[in-house]
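These notes are about the structure you will find just below.
Note that these values count all heavy atoms, side chains included, but never hydrogens, waters or copies made by symmetry.
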Amino acid sequence: MKKHLIAFAALAVASGAALAQANDTIAKVKASGSVTMGVRDSSGALSYTLGDGKYAGFHYDLCQRIIANLEKAAGKKLEVKYLPVTSQNRIPLVQNGTVDIECGSTTNNATRQKDVAFAVTTYVEEVRIAVKANSGITSLNQLNGKNVATTTGTTSVQLLRKHERAAGVDFKEVFGKDHADSFLLLESGRADAFVMDGQILAGNIATSKNPADFKIVGEVISVEPIAIMLRKDDPAFKKLADDTLKDLMKSGEIGKIYDKWFMQPIPPKNTRVGLPASEATKAAWANPNDKPLEDFLKK
């Protein structure tokens, strides 16, 4: 009986340690020797694939800075594993511990904050409409009767439907499994428009076969804070991530990193996105915060 009690106690301690570690990223990576970064295949210049398991982008670079400080906190060099995530599975994979830090193009909103945490906002996005240059579409109200592409698991079409200029506009949604797939729907003519974050649209246009065949048009549908996603209830790792980003903002280094990805030629095709940092993004750098979209729109 005594042996059973000791075994049970040991199991309870181990289970308790595992439970504690689930919300302690620093302890988790120190024990495992590795950290898993969630990356996107086609989130414009924020996060995209170079092929052969390699990734790049603005948020990719920022996460590498965070991981460098995570290694200092863990006291060891970490193996960095890259896991491609989608708009549908990114939140569950952070919640269940599969992904330690998600470095894509995720909007920080109140609903998501119930399930995950966000580092301070690093990019403020404008949701726009991309169309073929010869389509004649220049405004949201011209989407009536059209097929509108969006990516499964994103908020863009919901925002489009709520926009005051969308009253009486009846369009059909067609879904891509990721942003590249959604752009292909537009490129192939199966969709008349693609509604998404402006930099994702610009990035996909810049890397398309014929960039001049497409343009971004119409009203700004929404302005959204985009941030690096972390597990909820892990204050030590959130502080580490926030402090890393705040240091980059204070020094001005974040502007140089932004310029590298949005204003300079980027691999693999050495094309330019050509999207200067907006005043809203610069304001987020000047006054770091992790406020959700709902608070952001109150301003």
Side-chain angles (χ1 to χ4, degrees), residues 40 42-47 87-88 90 104-113 118 121-133 135-176 178-187 190-206 208 214-227 262 273-284 291-299:
R40 299 298 296 267
S42 55
S43 281
L46 288 179
S47 178
S87 298
Q88 290 174 288
R90 57 189 167 179
S105 54
T106 304
T107 300
N108 175 358
N109 64 32
T111 299
R112 289 170 175 168
Q113 281 197 3
F118 291 90
T121 296
T122 40
Y123 184 84
V124 180
E125 185 60 272
E126 293 180 341
V127 177
R128 301 289 299 276
I129 304 165
V131 296
K132 287 190 173 179
S135 68
I137 297 171
T138 59
S139 180
L140 190 159
N141 55 21
Q142 291 176 290
L143 296 179
N144 195 51
K146 306 292 186 182
N147 289 334
V148 176
T150 194
T151 304
T152 302
T154 63
T155 59
S156 298
V157 165
Q158 297 168 31
L159 294 166
L160 177 61
R161 290 197 183 281
K162 291 177 182 177
H163 196 280
E164 58 185 10
R165 295 291 294 275
V169 177
D170 184 24
F171 57 84
K172 179 184 177 183
E173 294 172 50
V174 289
F175 295 96
D178 56 28
H179 300 315
D181 193 38
S182 296
F183 187 77
L184 182 60
L185 291 172
L186 172 65
E187 196 171 31
R190 286 173 287 170
D192 302 290
F194 175 21
V195 178
M196 190 47 59
D197 301 350
Q199 70 83 24
I200 291 174
L201 299 178
N204 277 277
I205 289 171
S208 66
F214 306 92
K215 61 182 179 179
I216 297 173
V217 301
E219 308 82 356
V220 173
I221 296 165
S222 179
V223 179
E224 303 188 7
I226 308 296
F262 287 92
V273 175
L275 203 64
S278 66
E279 291 306 312
T281 293
K282 290 177 182 177
K291 293 178 181 178
L293 170 65
E294 292 77 4
D295 286 5
F296 196 85
L297 295 177
K298 290 176 185 176
K299 296 179 180 179

Distance-only, no hydrogens or angles: does the [X] side chain make a donor-acceptor pair with backbone N or O of [Y] under 3.5 Å?
X	Y	answer
Q142	T138	yes
D197	Q199	no
D192	N147	yes
K132	E187	yes
S47	R40	yes
N144	D170	yes
T121	A227	no
E294	N109	no

Legend entry - Any residue meeting side-chain hydrogen bond (donor to acceptor under 3.5 Å, both in side chains) with R128, in chain and number order, not counting sequence neighbours: none

Inset, instruction - With rounding to the nearest 0.5 Å, note down the distance linking CG in L159 to CG in L293. - result: 7.0 Å

Inset, instruction - Just do the side chain to side chain contact (heavy atoms under 4.5 Å, CB included) check on T151 and D181 with the steps written out, would you? - result: CA-CA 8 Å; T151 304; D181 193 38; over 6 Å; no

Using a 4.5 Å cut-off on heavy atoms from C-beta on, say whether the side chain of [Y] contacts that of [X].
X	Y	result
S182	M196	no
H179	S105	yes
L143	I129	yes
L160	T150	no
N108	I226	no
F183	I205	yes

Ignoring hydrogens, what is the shortest heavy-atom contact between [X] and [Y]? Give both atom names and the distance.
X	Y	result
V131	I137	CG2-O, 3.8 Å
A149	A191	CB-CB, 3.7 Å
G198	I216	O-CD1, 3.9 Å
V174	R190	CG2-O, 4.4 Å
S139	E219	OG-OE2, 2.7 Å
S43	I200	C-CG1, 3.8 Å

Legend entry - Qualifying side chain to side chain donor-acceptor pair (under 3.5 Å) pairs with a residue from residues 275-284, counting only residues at least two apart or across chains: S278-T281

Legend entry - Stepwise side chain to side chain donor-acceptor pair (under 3.5 Å) test for R112 and T106: CA-CA 10 Å; R112 289 170 175 168; T106 304; 5.6 Å; no

Legend entry - ring pair (Phe, Tyr, Trp, His ring centres under 6.0 Å) involving F118 - partner list, sequence neighbours excluded: none

Legend entry - Test of ring centre spacing under 6.0 Å for F194 and F214: no

Legend entry - Test item: side-chain donor near acceptor, T154 and S87, under 3.5 Å: no

Inset, instruction - Check the angle between the aromatic planes of Y123 and F262 and answer parallel, tilted or perpendicular using the 30° and 60° thresholds. - result: parallel

